Protein chains: 2
Amino acid sequence: MMAESESGTVDLEIIVQGTQEGKKQELRLWLRMLSTTKLISQEIRRRLRNEFGATLPQFDLMAQLYRERDGLRLGELSKRTMVTNGNVTGLVERLETDGLVLRETPDGDRRVTVAKLSKKGEELFAAMAAAHEGWLRDMMGDVDPAIIAELWRDIGGVKSSVNNHLSGAAFD
Amino acid sequence: MMAESESGTVDLEIIVQGTQEGKKQELRLWLRMLSTTKLISQEIRRRLRNEFGATLPQFDLMAQLYRERDGLRLGELSKRTMVTNGNVTGLVERLETDGLVLRETPDGDRRVTVAKLSKKGEELFAAMAAAHEGWLRDMMGDVDPAIIAELWRDIGGVKSSVNNHLSGAAFD
DNA sequence: CGTAAACCTTTGACATTTGAAATATAGCTC
DNA sequence: GAGCTATATTTCAAATGTCAAAGGTTTACG
């Protein structure tokens with residue numbers, strides 16, 4: 001065990017704990033990922049609310065629609081936001097009430113509902129997105145860019161591993 | 001049967017990014033952290049429900065109480081689980097109804113409510129915790145232990161940075 | 001002592017979330 | 001076309017989540 005790391009330097013604390021409770025490394029990492037993600041989410045939620053009167057799920061949903069100006073079917077929205085179908089229904093409903101999103105049913109298939117941003121929705125999202133990006137740069141301001149890139153790669157590895165070990169049906 | 005109502009396991013970032021060089025590293029990292037965390041959370045939630053009939057928030061709350069056998073005040077529980085006070089009230093209420101948690105008010109300060117695990121709660125949590133740890137080891141099974149340790153450290157750095165740039169107030 | 005400030009929890013309104021069942025439509029097969 | 005199956009969305013109940021305001025309880029101070 002204890003494979004060689006490319007960076008070569010391993011923290012003493014890690015080695016010590018590795019001998020006694022190395023099997024809890026994954027749990028420890030998970031707890032830290034979870035708390036960090038919660039922390040950032042809450043900060044973003046707070047700022048979205050204070051500065052734009054929007055919620056985080058609404059922002060996430062609008063982000064997808066902003067990238068697909070022709071709109072998206074609700075099922076597709078559900079997959080991209082990792083939110084259940086039933087949830088998407090309600091989110092789009094409220095966004096439509098606020099005049100940010102439009103719904104329409106294409107002629108070809110009447111089962112389908114396509115959601116797209118309204119003019120007002122596009123304008124609001126553009127402003128939110130710019131601010132959002134700035135908040136993240138600010139929050140991660142103390143982290144070395146090289147570390148950020150490294151984290152991005154390595155978390156990608158974690159994600160792949162998880163995808164390969166799902167109990168439910170896995171894609172891709 | 002097998003009603004299909006899942007949100008499906010589809011990638012969220014491939015859609016959202018376009019290999020910007022340099023400028024949006026933080027945003028890119030954030031999106032990957034978020035989608036990975038969501039993925040793992042959903043898997044854990046699914047297994048907790050299938051194998052133990054419990055929810056993830058309940059598991060999180062019980063985890064805190066398991067570490068403090070004398071119990072915790074609701075406000076302290078709120079901080080540790082990163083959940084609002086009002087939410088903790090309801091969670092503890094439901095857990096008490098299920099006989100997993102006990103509530104009591106200390107003599108010294110009648111403003112306070114202390115929650116602690118019941119015998120039944122301790123036993124259930126012990127079983128869940130063991131399984132939970134195994135799930136994580138399994139899900140991260142393809143990741144080099146050195147990378148796991150490295151991620152733990154570097155995400156700690158991200159967390160510190162975020163904590164230093166909060167608009168409101170929060171701690172580690 | 002009395003009152004204001006601080007503290008802890010609960011409550012209430014509302015949004016989000018899940019999981020399952022219900023609707024509705026489309027496509028296929030015979 | 002009748003019947004079956006697959007697809008797409010909605011609906012429903014219950015739980016979780018936020019935030020703000022309201023309730024009690026201490027504590028501090030004049």
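Here is how names work: the chains are called A, B, and so on, in the same order as the sequence lines, proteins then strands, and each is numbered from 1. As the structure is a computational prediction, the values presented were derived from the model and not from experiment.
B:R46 has its CZ atom 21 Å from the P atom of D:dA15, to the nearest Å. One interatomic measurement links the two molecules: CZ of B:R47 to P of C:dT18, which rounds to 18 Å at whole-angstrom precision. Atom CD of B:E43 and atom P of C:dT18 are 14 Å apart (whole Å). Rounded to whole Å, the distance from CZ on B:R49 to P on D:dA14 is 16 Å. Rounded to whole Å, the distance from CD on B:Q42 to C1' on C:dG19 is 12 Å. Straight-line distance from the CD atom of A:E93 to the P atom of D:dT9: 14 Å, rounded to whole Å. Summarising the geometry, the separation between CG on A:L74 and C1' on C:dT23 is reported as 15 Å, rounded to the nearest angstrom. When rounded to the nearest whole Å, the span between CD of A:E76 and P of D:dT9 equals 10 Å.
The backbone N or O of B:V83 sits less than 3.5 Å from a side-chain atom of B:S78, completing a donor-acceptor pair. Side chain of B:R32 to backbone of A:W152: a donor-acceptor contact under 3.5 angstrom is found. Using modelled atom types, one side-chain atom of B:K38 and one backbone atom of A:T81 make a donor-acceptor pair closer than 3.5 Å.
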Review item, side-chain donor-acceptor pairs of residues 117-126 of chain A, under 3.5 Å, at least two apart:
residue	atom	partner	partner atom	Å
A:S118	OG	A:G99	O	2.7
A:S118	OG	A:L100	O	3.2
A:S118	OG	A:K120	N	3.4
A:S118	OG	A:G121	N	3.0
A:K120	NZ	A:D98	O	3.0
A:E122	OE2	A:R69	NH1	3.4

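Contacts of A:T55 with the nucleic acid, taken as non-hydrogen atoms under 4.0 Å apart, involve only primed sugar atoms and P, OP1 or OP2. If you check every strand for non-hydrogen atoms under 4.0 Å, A:N87 touches a base. Nucleic acid contact class of B:G75 (heavy atoms, under 4.0 Å, all strands): sugar-phosphate only. Across all strands shown, B:T113 has heavy atoms under 4.0 Å from sugar-phosphate atoms exclusively, and none from any base. Residue-level contact check: B:V88 touches neither bases nor backbone, having no heavy atom under 4.0 Å from any strand. Residue contacts shown for B:N85 include a base, since a base heavy atom lies under 4.0 Å away.
Between A:R103 and D:dA8 there is no side-chain N or O to OP1 or OP2 distance below 4.0 Å. Side-chain N/O atoms of B:T84 include none lying less than 4.0 angstrom from OP1 or OP2 on D:dG17.
For the pair A:L27 and B:H132, the tightest heavy-atom approach, listed with the atom from each and the gap, is CD1-CE1, 3.5 Å. Looking at every heavy atom in both residues, B:V112 comes nearest to B:T105 through O-CG2, 3.2 Å.
Checking A:R110 against A:G86, the closest nucleotide of DNA chain C that is more toward the 5' end is the one next to A:G86. Mapped onto DNA chain D by nearest heavy atom, A:N50 and A:R73 fall at different nucleotides, with A:R73 at the one closer to the 5' end. Nearer the 5' end of DNA chain C, as judged by each residue's closest nucleotide, is the contact made by A:G90, out of A:G90 and A:D107.
Closest approach to the A:D109 side chain among C:dT25, D:dG17, C:dG19 is made by C:dT25 (side chain taken as heavy atoms from C-beta onward).
Annotation: side chain of B:E150 is in contact with side chain of A:E150 (closest heavy-atom distance under 4.5 Å). For the pair B:L77 and B:L65, the minimum side-chain heavy-atom distance is below 4.5 Å.
Within residues 56-68 of chain B, the residues having any heavy atom under 4.0 Å from DNA chain D are, by residue number, B:P57, B:Q58.
In summary, of the residues considered (B:R46, B:E51, B:E43), a side chain to side chain contact (heavy atoms under 4.5 Å, CB included) with B:W135 occurs for B:E51 alone.
Residue-to-nucleotide contacts include a donor-acceptor pair under 3.5 Å from the side chain of A:R111 to the base of D:dT7.
For DNA chain D, runs of at least 3 consecutive pairs of the Watson-Crick or G-U wobble type, with both hydrogen-bonding distances under 3.5 angstrom, map to C:1-30 with D:1-30.
With salt bridges taken as basic N to acidic carboxylate O contacts below 4.0 Å, none links A:R137 and B:E26.
The line from CE of B:M82 to OG of A:S41 is 9.0 Å long, rounded to the nearest 0.5 Å.
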